[in-house]
Engineer: 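So that we are looking at the same thing, I have put the structure below in structure tokens.
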Amino acid sequence: PNQFQEIIGTSRAFFMKLTFSLMLGIMFFPSKISAQQVFTILEGEEAVSIQGISPFATTVKNQRSQYLYTGDLLQNLNAPNGYITAVAVKITQLALPSTIQPQNLQIKMGSTTMVTLPADFIPNLPVHYSSATENITSTGWYTFNLDTPFSWDGFSNVVIEFCRTNVISGDSFEVEVYLGLNGEYRTTGLVSNVENGNGCTLSGTTTISLPNRRLIPSMQVTMTNPCESNPSAGIAIVSEGNNYCGEPFTLSVTNETFASGLSYQWQASYQDGTNFVDIPGATLPTLTTSQDFATYYRRGTMCDVL
């Protein structure tokens, strides 16, 4: 298909303290995806309220759990790369009394090449959802619409962390889980009943037994509406800081097309901002790099042909 590039804006990069030339190039391709989709991964085989496995095992006040979902689970469902805007777990039993609800909840997400989780936590995952109280009043799929969508590259494994801090405890919520194969240790968790604790800061080696670490909650993920027409290039932004020669900086974009089925390619021009070359491996929505002399940058955004 034909392609063309649109220059959104330019500035100039100078000498030691760098203000960057950002020219956002955009390449348009037609897309054959037509509807937003919800993907159900790891259909459950049983229900559990086991502490550290059910993210809402409210027999304890403080809990932190991480779950690993391999990228092939979404690939096998023909899920496009793009933004995950919601996640859901399947509630199979409510807690008692009904006044007990998950409190001070955070959901964190990140990409990884790991195929099993370590016995301690993957640190510093970004927070994509938070709430003071979740009012779960019925069984079935309970959906969390993320505050900040998660960008999935189409192949990486995804770690999802639930952590919460409850004031009161009682009987647990049960959730539907899938039992993995021997060696598929994809759940890590810790709990405590400390008064005025903080489940999101729990750390150390998990107390979950190896057989139970094979249990992982069934999960649904909702992808954004797929790209159907010419994507918008948006406005380029440089991360804050002094940005002196050799110092790392991050290039990102705002007000862009927000969709699934998009691919990216950052390019650089080391001359006059007209002759651009692809930056090897720079195919993510953002680019962290450094430079020693004035450089122009732009990002190509493409609707995938599926």
Engineer: Which heavy atom of S111 sits nearest a heavy atom of F150, and at what distance?
Structural biologist: OG-CZ, 3.4 Å
Engineer: Distance only, no hydrogens: is a donor on one side chain within 3.5 Å (strictly under) of an acceptor on the other, for E174 and S54?
Structural biologist: no
Engineer: Can you list the steps and then say if L77 with Q37 is a side-chain contact (heavy atoms from CB on, under 4.5 Å)?
Structural biologist: CA-CA 10 Å; L77 297 172; Q37 287 181 280; over 6 Å; no
Engineer: Decide whether Q291 and Y297 meet the rule of one side-chain donor and one side-chain acceptor closer than 3.5 Å.
Structural biologist: yes
Engineer: Which ILVMFWY residues can you reach from L117 by hopping between side chains whose heavy atoms are under 4.5 Å apart?
Structural biologist: L68, M114, I122, L125, V159
Engineer: Is there a donor in the side chain of S192 and an acceptor in the side chain of N62, or the other way round, less than 3.5 Å apart?
Structural biologist: yes
Engineer: Should Q66 and I160 be marked as a side-chain contact (heavy atoms from CB on, under 4.5 Å) after you check the CA-CA gap, both sets of side-chain angles, and the distance that decides it?
Structural biologist: CA-CA 6 Å; Q66 288 185 348; I160 303 179; over 6 Å; no
Engineer: Cut-off 3.5 Å, side chains only: do N135 and T137 have a donor facing an acceptor?
Structural biologist: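 No, no side-chain donor-acceptor contact under 3.5 Å.
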Engineer: Can you check whether T148's main-chain N or O pairs, donor with acceptor, with H128's side chain at less than 3.5 Å?
Structural biologist: yes
Engineer: Answer with yes or no whether the side chains of T139 and T92 bring together a donor and an acceptor at under 3.5 Å.
Structural biologist: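 The answer is no; no qualifying pair exists.
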Engineer: Answer yes or no: is there a side-chain heavy-atom contact under 4.5 Å between L146 and T85?
Structural biologist: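 Side chain of L146 against side chain of T85, heavy atoms only: no contact under 4.5 Å found.
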Engineer: Please round to the nearest 0.5 Å and tell me the distance separating atom CG of L287 and atom CH2 of W266.
Structural biologist: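 If I round to the nearest 0.5 Å, the distance is 6.0 Å.
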Engineer: Parallel, tilted or perpendicular: which describes the rings of F162 and F56, with under 30° parallel and over 60° perpendicular?
Structural biologist: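 F162 vs F56 ring planes: perpendicular.
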Engineer: Using the side-chain contact (heavy atoms from CB on, under 4.5 Å) rule, take I53 and S65 through it: C-alpha gap first, then chi angles, then the decisive distance, then the call.
Structural biologist: CA-CA 7 Å; I53 296 172; S65 300; over 6 Å; no
Engineer: Run the side-chain contact (heavy atoms from CB on, under 4.5 Å) check on Q51 and T59 step by step: do they pass?
Structural biologist: CA-CA 8 Å; Q51 297 174 359; T59 51; 3.0 Å; yes
Engineer: Using a distance-only test with no angle check, is there a side-chain donor-acceptor pair under 3.5 angstrom linking Y67 and E161?
Structural biologist: no
Engineer: Is there a continuous path of hydrophobic side-chain contacts, each under 4.5 Å between heavy atoms, that joins L284 to W152?
Structural biologist: no
Engineer: Check the side chains of R164 and N166 for a donor-acceptor pair under 3.5 angstrom, ignoring hydrogens and angles.
Structural biologist: yes
Engineer: So that I can tick it off, tell me whether E184 and R213 are bridged by a salt bridge, with the cut-off set at under 4.0 angstrom between side-chain N and carboxylate O.
Structural biologist: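 Not counted as a salt bridge, because no side-chain N and carboxylate O are separated by less than 4.0 Å.
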Engineer: Side chains of T40 and Q220: do they bring a donor and an acceptor to under 3.5 Å?
Structural biologist: yes
Engineer: Write down the atom of R186, the atom of V115, and the distance for their closest heavy-atom approach.
Structural biologist: NE-O, 3.0 Å
Engineer: Under the side chain to side chain donor-acceptor pair (under 3.5 Å) rule, collect the residues that match up with Y69, sequence neighbours excluded.
Structural biologist: none
Engineer: To check you understand the geometry: which heavy-atom pair defines the closest contact between F276 and G273, and what is its length?
Structural biologist: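 The pair with the smallest heavy-atom distance is CE1-O, 3.0 Å.
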Engineer: Is it the case that D153 and S156 place a side-chain donor and acceptor less than 3.5 Å from each other?
Structural biologist: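 The answer is yes; a qualifying pair exists.
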